[in-house]
Amino acid sequence: MAGFDVTGSVSFGYRFVWSERRYLLYLAAVPLLIKFICNMTIIMLGWRTEFIRQALILLPSYFADGWMLSHLVRLVFLGQRWPFRPGGNRDLDMNMLQDRARGIMAGTVSFAVIEFLLAGFVDAVYGLGAATFQEGRTQDPTFMTSMSITLVMLLFILMFRFLWFFIPAAINYSLSRYARDTAGFRDSMRMVAAWLLCFVPTFFFFSFFLAPAFLGGEKTVTKDFIEGFLTVTLDTIIALIATAGMAYGIRGMMPSDMRGGGPATV
């Protein structure tokens with residue numbers, strides 16, 4: 001079984017999102033609006049570090065993003081675009097439509113559940129980090145606290161591949177087969193590396209070029225709106241690049257009969 005191709009996945013993610021930018025902008029329009037409204041609600045309520053409360057507010061956004069990314073996955077694997085275009089054969093069209101509906105629903109729900117669980121994980125880690133900081137102000141952190149943080153990080157790396165379960169779910173691929181295909185700590189490490197290479201360059205571009213240009217100077221309500229828009233745009237672009245890259249890498253690890261026709265060459 002082939003391992004996860006870090007270089008190929010990252011390269012594909014960037015090239016694919018750029019080549020499909022018009023279609024993806026059309027696909028992401030409504031999810032972006034929903035995410036912006038949810039994020040502005042969080043900012044107005046002052047819940048920037050209240051991750052569980054954030055998850056409740058962001059729940060509609062999770063479903064919208066899951067829908068968008070599930071369609072992206074099916075484009076990468078099967079070359080299918082939204083909306084569905086019937087081919088003229090009623091029985092074949094119905095079968096294809098049902099298969100697509102099951103995949104999109106499974107991918108959307110899986111993504112929403114993963115994001116909700118991840119919010120709980122981040123809240124727990126944030127609480128542990130805050131406790132360690134308070135403890136470290138007067139003395140060194142205890143051995144148990146340090147070990148807990150180390151074990152949490154190792155567990156996160158080991159389970160990282162399951163954060164992308166919505167990808168196989170979107171093409172109706174079972175969790176058990178996906179777990180076998182991506183078994184091992186090495187594959188999880190490669191997936192973490194691929195995600196970082198999708199995340200870090202885009203984040204730094206926004207942080208060092210766009211944010212200073214739009215957010216410099218005195219804090220105002222207008223700048224809060226601009227910050228919210230830039231945040232959701234950055235998050236969406238990273239999600240698209242990372243999902244396209246991960247889908248490509250996971251596709252390469254699957255049996256040949258489950259890889260689908262794939263998209264046009266990019």
In residues 63-70, what donor-acceptor pairs under 3.5 Å come from side-chain atoms, sequence neighbours left out?
residue : atom : partner : partner atom : Å
Asp65   : OD2  : Lys35   : NZ           : 2.8
Trp67   : NE1  : His71   : NE2          : 3.2
Ser70   : OG   : Gly66   : O            : 2.7
Ser70   : OG   : Thr108  : N            : 3.4

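Counting non-hydrogen atoms of other residues, nucleotides and ligands closer than 6.0 Å to CZ of Phe121 gives a total above 12.
Heavy atoms only, all atoms of each residue included: Trp47 and Ile57 are closest at CZ3-CG1, 3.8 Å.
In this structure, Asp5 contributes its side chain and Gly249 its backbone to no donor-acceptor pair below 3.5 Å. Judged by distance alone, the side chain of Arg74 and the main-chain N or O of Ala170 form a donor-acceptor pair under 3.5 Å. Between the side chain of Tyr178 and the backbone N or O of Ile250 there is no donor-acceptor pair closer than 3.5 Å. Side-chain N or O atoms of Asn39 include none that pairs as donor or acceptor with a backbone N or O of Val232 at under 3.5 Å.
The line from OH of Tyr14 to CD1 of Ile237 is 10.5 Å long, rounded to the nearest 0.5 Å.
Arg21 forms a cation-pi arrangement with Trp18, by the criterion of a distance under 6.0 Å to the ring centre and an angle within 45° of the ring axis.
Ionic pairing of Arg102 and Asp99 is present here: one or more N-O contacts between side-chain nitrogen and carboxylate oxygen are shorter than 4.0 angstrom. A salt bridge links Arg81 with Glu20: the distance from a Lys NZ or Arg NE/NH1/NH2 to an Asp or Glu carboxylate oxygen falls below 4.0 Å.
Listed by first then second residue, pairs satisfying side-chain hydrogen bond (donor to acceptor under 3.5 Å, both in side chains) with a partner in residues 193-212 number zero, not counting sequence neighbours.
With Leu118 as reference, Phe156 is the one residue of Tyr62, Phe51, Phe156 to meet the side-chain contact (heavy atoms from CB on, under 4.5 Å) rule.
Both Leu154 and Val192 belong to a single network of hydrophobic side chains, linked directly or stepwise wherever heavy atoms of I, L, V, M, F, W or Y lie under 4.5 Å apart. Under the 4.5 Å side-chain heavy-atom criterion for Ile, Leu, Val, Met, Phe, Trp and Tyr, Phe165 and Leu117 are members of distinct hydrophobic clusters.
Relative ring orientation between Phe12 and Phe16 is described as parallel, the plane-to-plane angle staying below 30° on a 0-90° scale split at 30° and 60°. Between Phe36 and Phe225, the ring planes are tilted. Angles from 30° to 60° get that label.
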